[in-house]
Amino acid sequence: MNLSCSQWQDNSESVKHFAFAKFSAAAEQCLLLFTLILLMFLASLMGNALIALAICTNPTLHTPMYFFLANLSLLEIGYTCSVIPKMLQSLVSEARGISLEGCATQMFFFTLFAISECCLLAAMAFDRYMAICSPLHYATRMSRGLCAQLAVVSWAVGCVVGLGQTNYIFSLNFCGPCEIDHFFCDLPPILALACGDTSRNEAAVFVVAVLCISSPFLLIIASYGRILAAVLIMPSPEGRRKALSTCSSHLLVVTIFYGSGSVTYLRPKASHSPGTDKLLALFYTVVTSMLNPIIYSLRNKEVKAALWRTLWKKALTRG
């Protein structure tokens with residue numbers, strides 16, 4: 001069925017539905033992309049779910065670092081589930097439409113999970129700073145209560161920003177065209193479809209990106225600057241190796257996530273192009289979510305051991 005924008009406009013010419021643009025006119029390319037993204041999506045879901053389950057079911061991992069890692073895995077699951085299923089449908093079906101309300105809902109949840117992850121990564125960096133730079137006071141200062149508060153604040157900030165940005169953008173009028181040159185309802189491509197002056201909305205998106213991407217990133221850099229200084233003066237080579245190994249996984253995740261997010265939301269509007277934006281979006285919605293469980297499990301013996309114990313218990317239960 002061909003999609004017509006005219007059938008989704010009422011007498012006031014207000015758009016009530018959108019349609020996602022096709023990835024490619026070639027069916028073979030769409031099928032190949034569908035297969036690759038589906039495999040990465042399933043790998044991401046399975047990996048993050050296993051890490052969260054392993055941490056929850058293994059008492060040895062009930063520490064601040066793994067508490068935050070479990071929250072990160074849950075955020076990644078929500079992050080990918082808010083975007084990928086609709087994208088997969090659009091790749092192999094002509095049903096590429098989405099209602100105005102559905103688009104707003106997708107934008108809210110995507111923003112919620114993305115901003116929450118920005119804040120949570122900063123909380124994880126603070127946890128590593130306390131563990132390495134203040135080990136004698138770590139157990140008392142990083143209490144369960146404080147960890148829970150940091151996690152709740154991260155989720156709450158994501159919820160508030162998601163509600164605010166979504167409400168602000170969808171208070172605009174959309175009078176056509178209705179085709180979104182993207183694969184999900186991200187902020188910049190939706191703003192491009194709005195009628196009238198959107199400069200204030202674009203400024204709001206940029207300010208939020210600066211506050212919610214740059215500010216946590218600067219906190220992370222400051223934390224790891226102090227950590228590096230502390231590690232360099234450690235007398236034990238084994239202590240230095242263990243400290244750097246513990247932090248390297250988190251730094252790798254931070255680099256991938258903030259790098260792709262910064263290029264997307266902080267670069268000038270004139271330098272945006274649909275092709276580049278789609279490629280970057282695929283990277284930070286699909287690839288990073290799949291890589292996170294791999295990075296943390298392969299570089300962490302405790303997580304690997306917990307995963308094997310969890311899988312072994314499941315196998316014995318089924319047997």
Residues forming a side-chain hydrogen bond (donor to acceptor under 3.5 Å, both in side chains) with [X], sequence neighbours excluded:
X	result
Glu76	Ser289, Asn292
Asn201	none
Gln89	Lys86
Asn167	none

Output all residues satisfying ring-ring contact (aromatic ring centres under 6.0 Å, His included) with [X], sequence neighbours left out; order by chain, then residue number.
X	result
Phe183	Phe23
Tyr79	Phe110
Phe217	Tyr258

Determine whether [X] and [Y] make a side-chain contact, defined as any pair of heavy atoms from C-beta on separated by less than 4.5 Å.
X	Y	value
Phe68	Leu121	no
Phe41	Val286	no
Ile190	Phe170	yes
Thr80	Met290	no

Q | Residues forming a disulfide (SG to SG under 2.5 Å) with Cys119, sequence neighbours excluded | A | none
**Q.** Test disulfide (SG to SG under 2.5 Å) applied to Cys118 - qualifying residues, sequence neighbours left out
**A.** none
Return all side-chain donor-acceptor pairs below 3.5 angstrom for residues 130-141, not counting sequence neighbours, or 'none' if the list is empty.
{"unit_1": "Tyr138", "atom_1": "OH", "unit_2": "Asp127", "atom_2": "OD1", "d": "2.5"}
{"unit_1": "Tyr138", "atom_1": "OH", "unit_2": "Arg128", "atom_2": "NH2", "d": "3.4"}
{"unit_1": "Thr140", "atom_1": "OG1", "unit_2": "His137", "atom_2": "O", "d": "3.0"}

Q.
Show every disulfide (SG to SG under 2.5 Å) that has at least one partner inside residues 61-100, sequence neighbours left out.
A. none
(Q) Show me the pairs that pass disulfide (SG to SG under 2.5 Å) and involve residues 193-241, at least two apart or across chains. (A) Cys175-Cys195
(Q) Angle between ring planes, Phe113 versus Phe109, binned at 30° and 60°: parallel, tilted or perpendicular? (A)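 Ring orientation of Phe113 relative to Phe109: parallel.
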Q | Any donor-acceptor pair under 3.5 Å from Glu117 side chain to Leu72 backbone | A | no
